Every structure is written in structure tokens, then in C-alpha cells.
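Since we're looking at a predicted model, the values are computed, not measured. Only heavy atoms go into these numbers, but all of them, side chains included; no hydrogens, no water, no symmetry mates. Order of listing sets the numbers, starting from 1, for every ligand and every atom in it. Along the sequence shown, the residues carry numbers beginning at 1.
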Amino acid sequence: MALSPEMKSRIEDRVNEGVRDYWYPVAKSVEIRADRPYGVVALGEKLVLWRGADGQINCIDDFCPHRGAPLSYGEIHGGHIGCRYHGVVVDGTGTVQQVPAMPDCPMEGRKALRSYHVQEHGDAVFVFMSASEATEPPDLPLSAELLDPDWTGFLCTAIWDVNYRYALDNLADPMHGCYLHADSFTLAFGSKQDLLQLDNHEDGFRVSRVGQVGENFDWVEFETPEGGMYCHLDIPYPPSAGPGGHMRIVGYVLPMAPRKCKVFFWRMRKVQEFERDSWRFLYRTRLEARHWNVLEQDRVMLEGMPDDARRREMLYQHDIGLAHLRRALNRAARDQLEAEDAAGNVAAE
Ligand code: FES
Ligand SMILES: [Fe+2]
């Protein structure tokens, strides 16, 4: 059935703000502490995170139930968060524990804020961004490299002033490697002309260059299971970059605001024992700065593109990856909106 113009525009809005019912990384593990709160914006919503006394991470709306001050400006007291403005104390479930300024205040004991499911993996903190608090989260989709102890790596994050879809499109576009990054340490090689191929697999797809493999950013795989989306790709390494073969990048992107996203890239290699130590040392001392240079080239290019580039673009064969990715996002958004509408209709009857 053809979609109504209204539904098309709702799908576009939903994709732009970020598909719901996905797990998204929001911070590095080390950033979430027991002695101070951490504020972050995810899918347009302000969240605050902190560690309880047991080390578990709490995540609730960053909004004081009294008058709306950001709880992330507050302090942690006995595992709960205290608002800086008038001292109201809220726990990790979003329930008001204490109103110290007012004896027997009826706010005490009220669940006033939404709380979110949180998991930690691979040095990152993931939050389940569902449309409704009642939604039970599916398993957190994790890249195999993050679960396999033979792989080791470093998580780097950066905030880019661009809609997250540009960051995903960039990852689905291997042909930019040999142009945008032509003067880099790792991506200066291979042919500048090729065709791309797209192969579907269960819960995902692979985009690869037809004419070469192992020379440049020649392939990327997107995984799109229920509950999230991520990708992995290889960056060929010259022998001077130490043991472990190609560098694997595992990428997730957090939509923050219409023109802001946070990229999470794990830079990984499959190395054990002393080779692992040697690669980690080499990375810290020599390679990390070079990788940041490459990432900066991506950031500057994407931030320079207009917000409505998608409406004026002329795609060609090399854009099959991002076209496929966009369809997957549209489908996820449409399924969600239809499910929400159906649930709304049942509730209204
Ligand atoms: S706004 Fe937070 S205690 Fe008043
Ligand atoms: Fe790039």
C-alpha cells in the first residue's frame, strides 16, 4: 500500500531524530562515575547517568521533578542524585527519595521520571532508547570483536556537528577512502576507480569494492539485528604498524540532536600476548594521532555538507551501500510508527 504524504514525513522525522527501540552507546565507561553525574543528549532527550554504590549504572531523565533543573548539575548522595537547585533527591528508578527543604512533602515516594535500561560492554555504556519505558529491551547487539578476547583495541569517541545519518552514510561509502584520505598513513593506496557490490546476509549487508580487497577501505559490513545497528570494516596496515594484520574498526553512531551526533569507534586488532602489548604501545605512541587525523578529515567534510544535501544529491553506482542503509532505517522507523499507532488505537478504544 502506498504511504500517505503524512506517513512519509513522520518516517523522515523519526529517522532524522533516531530510530527508537535501539540500544545506543552514550559514553565511555570511565566517564560514568559514582561521585558525579554525567549528562548526555540521546535522540533529543536529555539523560543523566551515574554509578550507584554497587557499581551499576543508573540512567534517568535529566530533569528535576521539582522545577526542571538539570539533575546532571547536581551531586550524588548515598547512591542517589541530589538536585543542585533546591536539594530534591531522586533515585535510579526516577522516584523522589527526599525533599530536604520541606518536611513531609507529598513529592516523596512518587515516581516522577523515566528510567532507562543500561549495559556496559567494551568500555562503553549503552542505553536502550525505547519509545515507552514499558518496552522490554531485546539483547544488546554487540559486534563479535567486542565479545572475543582475542581482539583488543581502543575506544575513541567524538561529537560531530552533523546529523548522525551523515556519519552512517560515510561508513557505508568505501570509495571515499582513496579520495578524502588519499594523503593519510593507511588509506593512500589502491585504485581510484571501481565498482561496488552489495551482498545481504542475515540481519545485515556487506558493501565491497569489486576490484580490490586489502588495499584501502575496501569493504564494510553493517549489522542490523533487532535492537540496534553497527558496522565493522578493515583498514589495511603497512608492516611498520606492528603485528596483527589489518586494523578492524567497529563503529556505532549515537543520534543526539538534529545536527549533532556522537561517533563511537573501536580500533581493534587480533593479537595476543606480547604482540598485544607491542601493538597497544605502538598505537598509543605513534598510530593514534594519525587515526585522529583521518577522523578529522571525515568530520570536516561532513560538517561542511548542508542539512538538506539528501534532497539535492545525485547518487551513482557507488552509493548502493548508503541507499540500502537508508532503506533499512526507513523500514525500522515505519514498523515502529505503525506499531505505536496500533497500540494508540487499542488504548483509545
Ligand atoms: S528544581 Fe530541583 S530541587 Fe528545585
Ligand atoms: Fe573516512
Side-chain angles (χ1 to χ4, degrees), residues 37 39 46 48 50 60-77 80-91 94-103 105-110 112-113 156-158 160 162 164-190 192 196 207 209 215-222 231-237 246-253 261 263-267 287 290-305 318-319 321-322 325:
K46 292 174 73 181
V48 58
W50 74 97
I60 60 175
D61 290 327
D62 190 8
F63 178 94
C64 176
H66 175 218
R67 294 250 317 281
L71 289 171
S72 55
Y73 294 4
E75 290 152 12
I76 309 296
H77 302 290
H80 305 322
I81 190 162
C83 179
R84 180 88 188 178
Y85 208 1
H86 316 94
V88 164
V89 177
V90 182
D91 69 16
T95 304
V96 178
Q97 284 288 328
Q98 216 191 341
V99 183
M102 173 79 193
C105 178
M107 273 173 69
E108 287 181 357
R110 290 252 306 266
L113 303 174
C156 80
T157 65
W160 290 353
V162 67
Y164 80 100
R165 300 175 69 180
Y166 287 64
L168 287 180
D169 283 352
N170 185 57
L171 285 162
D173 164 28
M175 280 309 288
H176 84 266
C178 62
Y179 283 89
L180 179 60
H181 307 306
D183 59 355
S184 72
F185 174 57
T186 47
L187 296 173
F189 310 102
K192 283 183 156 25
L196 290 194
V207 190
R209 286 183 57 158
E215 306 264 351
N216 201 297
F217 167 22
D218 292 333
W219 62 267
V220 58
E221 277 187 23
F222 273 83
C231 69
H232 26 205
L233 58 100
D234 271 352
I235 303 290
Y237 253 15
H246 296 337
M247 181 173 69
R248 177 71 48 90
I249 308 272
V250 173
Y252 289 71
V253 183
C261 68
V263 291
F264 288 74
F265 292 126
W266 281 261
R267 296 154 170 173
L287 304 172
R290 292 173 167 167
H291 296 152
W292 278 108
N293 288 345
V294 171
L295 218 50
E296 273 299 279
Q297 290 172 335
D298 289 310
R299 181 187 66 79
V300 169
M301 182 57 70
L302 300 181
E303 288 184 354
M305 292 166 68
H318 293 169
D319 302 309
L322 56 93
L325 181 67

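Of all protein atoms, those of element N, O or S that lie under 2.8 Å from atom 4 (Fe) of ligand 1 number 2.
Side-chain contact between M305 and V162 is absent, with no heavy-atom pair separated by less than 4.5 Å. Side-chain contact between V263 and R299: absent, with no pair of heavy atoms (C-beta onward) separated by less than 4.5 Å. Residues K46 and D61 have side chains not in contact (no heavy-atom distance under 4.5 Å, counting atoms from C-beta outward). At a threshold of 4.5 Å between non-hydrogen side-chain atoms, the residues W266 and H232 do not count as touching. Side-chain contact between L295 and C156 is present, with at least one heavy-atom pair separated by less than 4.5 Å.
Of the residues V253, L171, T157, the one that meets the side chain to side chain contact (heavy atoms under 4.5 Å, CB included) test with F265 is L171. Exactly one of D234, L233, L325 qualifies for a side chain to side chain contact (heavy atoms under 4.5 Å, CB included) with V220. That residue is L233.
Distances from the Fe ion (ligand 2) under 2.8 Å pick out these protein N/O/S atoms: H176 NE2, H181 NE2, D298 OD1, D298 OD2.
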What's the verdict on side-chain contact (heavy atoms from CB on, under 4.5 Å) for H66 and C105, showing C-alpha distance, side-chain angles and the deciding distance?
CA-CA 11 Å; H66 175 218; C105 178; over 6 Å; no
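Taking the six-membered ring where tryptophan is involved, the planes of H291 and Y237 are essentially parallel, since the angle between them stays under 30° and well short of 60°.
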